[in-house]
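To keep things clear, I will list the structure first and then write my remarks on it.
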Amino acid sequence: MFIYTHLYTIITILNIPLAITVMFLERRNIGVTWAWLMVLLFLPVVGFAVYLLFGQNLSKRKLYKIGRRSRIMMAALIENQRKDFLENHITFTDTAMAEYRDMIFMNLSSGYALYSQNNSVDIFTNGTDKFECLFKDIEQAKESIHMMYYIVQNDSLARRMAEALTRKAKEGVQVRFLYDDIGSHHLNRHFFDGLKAAGGQVSAFFPSKIPYLNFRVNYRNHRKLVIIDGVIGYIGGFNIGDEYLGIDRRFGFWRDTHLRLTGNSVQQMQSQFLLDWNLASPFMIRGSEHGMFKEAEESGDVGIQIVSSGPNQTLEQIKNAYIKMINSAKVSIYIQTPYFIPDESLMDALKMAVLSGVDVRMMIPSKPDHKMVYLASFSYLGDLMEQGMKCYLYEKGFMHAKTIVVDGKVASVGTANVDIRSFKLNFEVNAVIYDTNTATRLKDIFEEDMLDSRELTYEAYCNRSLYQRFKESCTRLLSPIL
């Protein structure tokens, strides 16, 4: 007993400087600080080891290495477009978009998201259509195929993809494939051997340098981008795996949203791929490489900004874009997300929208894929439903779409969920779309999905069991680090 008492005293004393260290490192975010202090309280010493593994702050690190010439060129492009907006030299192809001038300017200034209006958009809501179209584009590629996915499963769809890319590499097409090391942990290390032998290049994002121990495990590249010949781009929620075709027994039909883009927005997607690739791969890409950035020929008239965010940045660009969209709403806000863990600023924006008479509708899956995250999501829904927000639980399969549509005019589709992890910890990318026709199509899709959903009323929400509420409350305390 004497030994245990002394051991407890030593651990308690040791925990004090560790807690002070966490407070110092996380002092900019009170919620995150308290979450980590709770971990330290319940897991003395061990909790600090967990913090070292999951709690590193990348915001002060300069991860991306950008050449001086490229930096100057990008700064000039941004400044020239900023000047055009400030001097009202921008003519909108969709005149209704003039009211979003300030939103475009914000994304341009803080997120370096150039605005282009010569884009066309195809929308996919199921994996079969998306991947069949993607395979056709791959087959027709002449110069380059750049792909970046968070999850690549070791299954039939992934093998079909690897085989298609290998054929193109043998034809002389420059193929580069980037996957997240944590998200794709099921991949066999020889999975891409055929592609590499054919001349393709493959790299993992933030791979572990020590077996079974990755000190950057908490920072995941959640982006899903494909750029073909510099003129066709894919962006959205689908990863590569059989489950995304809706043939997984656990989830059944997989409901997601993905876009196929053409136009100058593809240049911005190419830029993001270049940055991520050069960070992760020893095979550096030069921006001057032939065919890297192409001016679009005749395409469309849709306005788009490609907005990226990541833990290496101090500003949360995608979250700020979401809040700006919500604050602009006059009639309706339709949100589809598999995870809903908002921070206080986003929660306040949604509450103000509901209280202002805006028709706010939220759609989440009726079945979870991550139990703790799902429980935390439910804990936030009640606060908004009490004010009048409508909530729908998608029952046809699993809802994985990351879509926001405001007033049927402006929309966002991409990889970022409405949760703190997407805002602060993951590398994410979204397409913000300024076009009445496209936004209306996305709004119609939401309303079609309502037919496969059941409304969760506030009365039913309040009738949850005490045990269910207890679990939700516990997981909510950890929501900043889930």
Side-chain angles (χ1 to χ4, degrees), residues 70 72-123 227 230-235 259-272 287 292-309 315 317-318 320-334 358 403-414 429-444:
S70 297
I72 292 173
M73 289 178 62
M74 178 57 71
L77 289 171
I78 298 294
E79 188 54 37
N80 287 339
Q81 195 166 86
R82 278 170 47 91
K83 184 177 179 182
D84 287 341
F85 272 98
L86 289 172
E87 296 178 358
N88 293 320
H89 291 164
I90 299 291
T91 301
F92 293 95
T93 54
D94 182 344
T95 56
M97 297 304 110
E99 65 181 286
Y100 300 107
R101 184 187 301 270
D102 58 341
M103 185 189 306
I104 299 171
F105 189 83
M106 182 194 74
N107 291 332
L108 175 65
S109 299
S110 66
Y112 311 111
L114 287 167
Y115 177 64
S116 58
Q117 297 188 96
N118 64 340
N119 305 286
S120 66
V121 180
D122 294 313
I123 303 172
I227 304 94
V231 296
I232 297 172
Y234 285 80
I235 183 173
L259 305 178
R260 179 185 186 272
L261 306 178
T262 59
N264 283 353
S265 61
V266 178
Q267 293 183 354
Q268 296 295 295
M269 297 167 66
Q270 187 82 291
S271 294
Q272 189 57 64
M292 181 63 62
F293 298 104
K294 293 183 178 179
E295 281 290 329
E297 298 177 358
E298 293 185 12
S299 187
D301 58 1
V302 177
I304 292 178
Q305 285 180 298
I306 303 298
V307 181
S308 300
S309 65
L315 294 176
Q317 286 93 334
I318 290 180
N320 291 341
Y322 283 172
I323 292 175
K324 191 71 172 175
M325 290 176 67
I326 292 166
N327 288 340
S328 74
K330 301 293 190 297
V331 179
S332 64
I333 301 169
Y334 287 8
V358 176
T403 306
I404 297 181
V405 187
V406 171
D407 292 345
K409 294 180 181 179
V410 63
S412 173
V413 176
V429 61
N430 280 22
V432 181
I433 305 165
Y434 306 87
D435 179 66
T436 303
N437 290 333
T438 305
T440 299
R441 284 160 58 198
L442 289 165
K443 184 179 179 182
D444 291 343

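All values below were derived from every heavy atom in this structure, side-chain atoms included, with hydrogens, water molecules and symmetry-related copies excluded.
With hydrogens and angles disregarded, a donor-acceptor distance shorter than 3.5 Å links the side chain of Gln305 to the backbone of Ile104. At least one donor-acceptor pair closer than 3.5 Å links the side chain of Gln317 to the backbone N or O of Ser110. With hydrogens and angles ignored, the 3.5 Å screen pairs no side-chain donor or acceptor of Ser109 with any backbone N or O of Met106. Under a 3.5 Å cut-off, the side chain of Asp94 and the backbone N or O of Ala96 do form a donor-acceptor pair. Between the side chain of Gln117 and the backbone N or O of Asp301, no donor-acceptor pair lies under 3.5 Å. The backbone N or O of Asn264 lies less than 3.5 Å from a partner atom in the side chain of Asn119, making a donor-acceptor pair.
When all heavy atoms of Gly230 and Val266 are compared, the pair lying nearest together is O-CG1, 3.6 Å. Among all heavy-atom pairs drawn from Ser328 and Val406, the shortest one is OG-CG1, 3.9 Å. Nearest heavy atoms, Met269 versus Ile235: CE-CB, 4.0 Å.
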**Message:** Please evaluate residues Tyr322 and Asn430 with respect to the criterion side chain to side chain donor-acceptor pair (under 3.5 Å), reporting the C-alpha separation (whole Å), side-chain torsions for both, the decisive distance (0.1 Å), and the verdict.
**Reply:** CA-CA 10 Å; Tyr322 283 172; Asn430 280 22; 2.9 Å; yes

Apply side-chain contact (heavy atoms from CB on, under 4.5 Å) to residues Arg101 and Phe105 and explain how you reach the verdict. CA-CA 6 Å; Arg101 184 187 301 270; Phe105 189 83; 5.6 Å; no

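Ring centroids of Tyr434 and Tyr115 are separated by less than 6.0 Å, placing the two rings close together.
Other residues, nucleotides and ligands contribute over 12 non-hydrogen atoms within 6.0 Å of the CZ atom of Phe85.
By the ring-ring contact (aromatic ring centres under 6.0 Å, His included) test, Tyr100 is found to be paired with no residue, residues two or more places apart in sequence or in another chain being considered. Checked against side-chain hydrogen bond (donor to acceptor under 3.5 Å, both in side chains), Ser271 has no partners two or more places apart in sequence or in another chain.
In this structure, Asp122 and Leu261 have side chains that are not in contact, with every pair of non-hydrogen atoms separated by 4.5 Å or more. Side-chain contact check for Ile306 versus Gln267: every heavy-atom pair is 4.5 Å or farther apart. Residues Val121 and Ile123 are in side-chain contact: their nearest non-hydrogen atoms beyond the backbone lie under 4.5 Å apart.
Residues Ser116 and Ser265 bring no donor and acceptor atom of their side chains to less than 3.5 Å of each other.
With salt bridges taken as basic N to acidic carboxylate O contacts below 4.0 Å, none links Lys409 and Asp435.
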